[in-house]
Amino acid sequence: MKRLLIGLVVAVLVVVIVAAAALLLVDVNRFRPQIQASLGKAVGREVSVGQLYLSPWSGSLGADEIRIGEDPAFGSRPFVTARSFELGVELWPLLLRRELHVTSLTLDQPVVRLVQNRRGDWNFASLGGASGKTAPPQGAAQVPALTVDRLRIDDGRIELHGAAGGDKVYSQVQLHADHVGTQAAFPFELKAAVAGGGRLALDGTLGPWQAGSALLTPLDAHLVLRELDLVGAGLMAKGSGVGGVLDLDTRIASAKGVLESKGRIDARKLQLVASGSPSPQPLRIDYQASYRFAAGTGRITGAALHAGAARLAIDGSFDNRPAVMRLDLHVKGAKQPVDDLQPLLPVFGVVLPKDSRLQGGTASMDLAVRGPLDALVIRGPVSLDDTRLAGYSLGDKLGGALALAGISAPKDTVIRHAEAGLTISPAGIDADPARAEVAQLGSFTGKGRMAADGRLDFRMLVKLDPAVAGSAQGGQGLAGLLGGSKAGRALGGVLGGMSAQGVGVRVGGTASAPSFKPDPSAAVGLIEAGSRGAGVKPAAGASADSKQDPLDNLLQNALKPKSSSSH
C-alpha cells in the first residue's frame with residue numbers, strides 16, 4: 001500500500017512537470033490577436049498589447065505594454081497606456097479550445113487621458129461602442145463579450161483636459177472592481193491623490209454600462225475628498241484672490257445623464273474675493289445639487305452656509321463649461337447673530353478698524369452672487385441692528401469738539417441700525433447708499449467705496465441727534481458756560497445746524513485706520529448758519545480745512561471773532 005501511494009505521488013508530479021514544461025513550450029503570442037480582439041470589443045476601441053509571456057504557476061499572461069486607442073474624433077494619442085499588464089486566464093480552455101476566460105486584469109502604472117472637445121463632449125463617452133478596428137482575424141471564431149472577475153489598476157495617473165483649459169492631474173490612482181461586465185452593475189473602489197496634497201476616495205456601484213454613451217451609465221457612490229486645496233489643485237489661479245482648503249463628503253447618483261449629489265463641505269481658510277482674507281474659523285456648507293452632463297450646467301437647491309449658529313440659505317445655478325466655473329446664486333439670511341457671522345467678514349473682503357470687533361445684535365442680507373468663481377460680484381442690501389463696534393469710538397474720531405460742547409462720546413460705537421446697498425467685487429466694496437443710526441451721536445448717510453487695498457473714499461452727512469445737541473446747549477460743557485453770549489449763540493447755532501442740516505464729512509485713510517475730514521461744501525455753510533442762525537448757504541470761494549477733526553474745526557471757526565467788514 002505504501003508503495004502504491006508513493007507511485008501515485010510520483011505519477012502526479014511527473015504529470016505536473018510535463019504539463020508545466022508543455023505550457024512553457026507554448027508560444028502564447030499566437031493568442032495575441034484573440035486577446036486584442038476581446039479587449040477591443042469590450043472597450044469599443046483598438047487595443048494593442050506588447051510581447052506576451054506566460055506565468056503557468058499564477059495562471060496568467062503578461063505583456064510589456066498595453067495601449068487602448070482614442071476615439072478618432074479626439075485625435076490619435078492613446079486613450080490609455082500602461083507600462084505592463086497582467087491578464088489572469090483559465091489556461092486549459094485557452095490552450096485546448098482557444099477559449100479566453102478572463103479571471104483578472106491588472107494594469108501597472110497606466111496613464112488615462114480624459115479629453116473634452118469644444119462642443120463639451122468627452123472622449124470616454126463612446127467607450128463600449130462599436131469599433132471597426134477590433135474585429136478578429138478572418139475565419140476566427142466570433143469573439144464573446146468580455147467579463148472580468150477582478151479588475152485592478154495600480155499607481156495610475158489620470159490627466160484631465162477640459163475644453164476651456166485648466167488641466168488637472170490625479171496621481172497614485174488605485175482602482176479595485178469585481179465582476180466587471182456590460183450586462184449588470186458591478187462594485188468598485190477608487191482612490192487617488194489630488195495635486196496640492198488632497199486625497200480622493202470613491203466607492204459604490206457602476207452599471208449596467210451604456211455602450212457608446214458612458215455618461216448615461218447609472219452610478220451610485222459615496223465620494224470623499226480630503227484636504228482639497230483650491231489653488232494647489234489647479235481649481236483656482238494662484239493670484240485670483242480665491243482659495244481655501246475643503247473637505248467634502250457626499251452621496252452621488254447618476255442616471256440618464258443627470259448627476260445628483262447631496263452632502264457637506266467643510267471649508268478652512270476660505271476666501272472668495274481678492275480684497276478679502278482667509279476665514280479665521282472653519283465654515284460648513286450643507287448642499288444639494290444636480291448636474292446635467294450634456295449641458296455642462298447644474299442647480300443648487302436647499303443649500304446652507306453655517307457659521308456657528310448663523311445660517312445663510314443658498315440656491316441658484318452654476319455653469320461648468322468655462323475654464324472657471326460661473327455661479328448665479330442667491331444668498332439670504334434674516335436676523336442672523338452678528339457674533340457668529342464674524343468669521344465671514346474677511347471672506348467677503350469686509351475689514352473693521354484695527355482692534356475692533358462687532359458684538360451682539362443681528363444682521364440681515366439678500367445678496368446676488370454672480371460671475372466666475374475667481375472674480376465674483378456680490379450685490380444686494382445688508383443691514384445691522386442693535387450691534388456694537390467694540391474697541392472703536394466713532395465720536396472720538398469725529399472730534400474733541402463733542403467734549404468741548406458737553407457731549408460725551410461712548411467708548412464703543414453702538415449701532416442702532418445700519419444698512420447699505422453693497423457691491424463686492426475684485427476691485428473692492430461699494431456702498432451706495434449707506435445709512436446708520438449711532439446711539440449718543442446721530443445719523444450718517446452717504447455713499448463711498450473701499451478699494452481692494454483697503455483705502456477708503458466715503459462722503460457722509462453727519463447729523464447730531466437733536467437730544468444730544470439739545471443737552472449740550474442746555475448747560476453742559478462750554479455751551480453752558482457761554483450762556484446767551486454771542487459766542488454761545490454761535491455755538492448753539494452750529495449745534496442746531498449739525499442736528500437739522502448736518503455736517504459733511506469725507507472719510508479717507510484705510511479700513512483698519514479710517515480718517516475724517518470736513519467736506520468743504522457743507523462745512524462752510526454750517527459755520528455761516530451758526531453765526532447768523534439762518535439757513536445753510538455755502539460761501540463762495542471757501543477753501544477746505546486740512547485738519548483731521550471736522551466737528552472741532554467747525555466749532556473753532558464758529559467761535560472766531562468776526563472782522564469789522566462782517567458787521
Side-chain angles (χ1 to χ4, degrees), residues 43 45 66-83 107-127 153-175 190-202 214-215 219 223-248 252 254 259 261 265 271-272 274 289 291-298 318-327 371-376 426:
V43 299
R45 304 280 176 88
I66 182 172
R67 290 172 178 262
I68 300 176
E70 181 60 278
D71 183 329
F74 290 85
S76 58
R77 291 186 60 183
F79 173 63
V80 176
T81 58
R83 189 179 69 174
L107 300 178
D108 183 37
Q109 296 184 1
V111 177
V112 182
R113 295 179 67 252
L114 303 182
V115 182
Q116 185 185 40
N117 62 21
R118 293 182 179 179
R119 296 193 305 271
D121 301 325
W122 287 95
N123 63 340
F124 64 84
S126 60
L127 283 174
I153 289 178
D154 293 329
D155 196 18
R157 176 184 173 93
I158 298 175
E159 299 177 353
L160 194 67
H161 306 278
D167 297 346
K168 303 172 183 64
V169 175
Y170 300 87
S171 60
Q172 301 175 30
V173 176
Q174 305 290 330
L175 172 64
L190 173 70
K191 295 181 179 180
V194 182
R199 297 291 305 179
L200 176 151
L202 179 68
L215 291 176
L219 169 70
L223 172 64
V224 176
L225 273 170
R226 299 295 185 204
E227 301 292 332
L228 177 66
D229 188 319
L230 293 177
V231 175
L235 299 174
M236 292 294 118
K238 189 173 183 180
S240 66
V242 176
V245 179
L246 308 182
D247 290 340
L248 181 144
I252 59 176
S254 177
L259 179 70
S261 63
I265 300 173
Q271 180 178 342
L272 293 181
Y291 179 71
R292 295 185 175 275
F293 289 110
T297 60
F318 60 93
D319 188 341
N320 200 37
R321 290 170 295 182
V324 178
M325 181 186 295
R326 294 186 65 88
L327 302 180
L373 190 54
D374 60 354
L376 290 173

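If you're wondering where the values come from, they're calculated on a predicted model, not measured in any experiment. Side-chain atoms are counted along with the backbone in the values below, which use heavy atoms only and exclude waters and symmetry mates.
By the side-chain contact (heavy atoms from CB on, under 4.5 Å) test, Ala193 pairs with Ser171, Gln172, Arg199, sequence neighbours left out. Under the side-chain contact (heavy atoms from CB on, under 4.5 Å) criterion, Arg77 pairs with Arg113, sequence neighbours left out. Listed by chain and residue number, nothing satisfies the side-chain hydrogen bond (donor to acceptor under 3.5 Å, both in side chains) test with Asn320 (two or more places apart in sequence, or in another chain). Asp121 meets the salt bridge (charged side-chain N to carboxylate O under 4.0 Å, His left out) test with Arg119; sequence neighbours excluded. Under the rule for a salt bridge (charged side-chain N to carboxylate O under 4.0 Å, His left out), the partners of Asp319 that lie at least two apart in sequence or sit in another chain are Arg321. For the side-chain hydrogen bond (donor to acceptor under 3.5 Å, both in side chains) test, residues two or more places apart in sequence or in another chain that qualify with Glu159 are Arg157. Partners of Ser261 by side-chain contact (heavy atoms from CB on, under 4.5 Å), not counting sequence neighbours, listed by chain and number: Thr250, Ile252, Tyr287, Ala289. Annotation: ring pair (Phe, Tyr, Trp, His ring centres under 6.0 Å) contacts of Phe74 (sequence neighbours excluded): none. Not counting sequence neighbours, the partners of Asp247 by the salt bridge (charged side-chain N to carboxylate O under 4.0 Å, His left out) test are Arg268. Partners of Leu272 according to the side-chain contact (heavy atoms from CB on, under 4.5 Å) rule, which considers only residues two or more places apart in sequence or in another chain, are Leu270, Val347, Phe348. When the salt bridge (charged side-chain N to carboxylate O under 4.0 Å, His left out) test is applied to Asp229, no partner is found at least two apart in sequence or on another chain.
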Under 3.5 Å, which donor-acceptor pairs link side chains of residues 232-245 to any protein atom two or more places apart or in another chain?
from, atom 1, to, atom 2, distance (Å)
Ser240, OG, Ala237, O, 2.9
Ser240, OG, Val242, N, 3.3

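Residue Gln271 holds its CD atom at 11.0 Å from CG of Leu230, rounded to the nearest 0.5 Å. One distance of note links CD1 of Ile153 with CG of Leu175; it measures 4.5 Å at 0.5 Å rounding. Rounded to the nearest 0.5 Å, atoms CG (Asp108) and CG (Asp155) are 7.0 Å apart.
Residues Ala375 and Pro426 come closest through the heavy atom pair CA-CG, 3.8 Å. The shortest heavy-atom contact between Arg326 and Pro372 is NH1-CD, 3.3 Å. Nearest heavy atoms, Tyr170 versus Ala192: CB-CB, 4.3 Å.
At most 12 non-hydrogen atoms from other residues, nucleotides or ligands lie less than 6.0 angstrom from CZ of Arg67.
The closest side-chain heavy-atom distance from Leu373 to Phe318 is not below 4.5 Å. Put simply, the side chain of Asp71 does not reach to within 4.5 Å of the side chain of Phe79, judged on heavy atoms. When side chains are defined from C-beta on, Ile66 counts as touching Leu107, because their heavy atoms get closer than 4.5 Å. Contact check for Leu215 versus Phe124: side-chain heavy atoms found under the 4.5 Å cut-off. Proximity of Arg45 to Leu127: side-chain heavy atoms (C-beta onward) are separated by under 4.5 Å at one or more points. In this structure, Leu228 and Val194 have side chains that are in contact, with non-hydrogen atoms separated by less than 4.5 Å. At a threshold of 4.5 Å between non-hydrogen side-chain atoms, the residues Val111 and Val80 do not count as touching.
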Next item on the list: Would you sort out whether Phe293 and Leu259 count as a side chain to side chain contact (heavy atoms under 4.5 Å, CB included), showing the intermediate values?
Entry: CA-CA 8 Å; Phe293 289 110; Leu259 179 70; 3.9 Å; yes
Notebook entry, point to check: Between Val173 and Leu190, is a side chain to side chain contact (heavy atoms under 4.5 Å, CB included) present by the stated rule, with each step listed?
Noted result: CA-CA 7 Å; Val173 176; Leu190 173 70; 3.5 Å; yes
Margin query: For a side chain to side chain contact (heavy atoms under 4.5 Å, CB included) check, start with the C-alpha distance between Leu160 and Asp167, then their side-chain angles and the critical distance, and finish with the verdict.
Written below: CA-CA 6 Å; Leu160 194 67; Asp167 297 346; over 6 Å; no
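Looking at Glu70 and Asn123, their side chains do bring a donor and an acceptor atom within 3.5 Å of each other.
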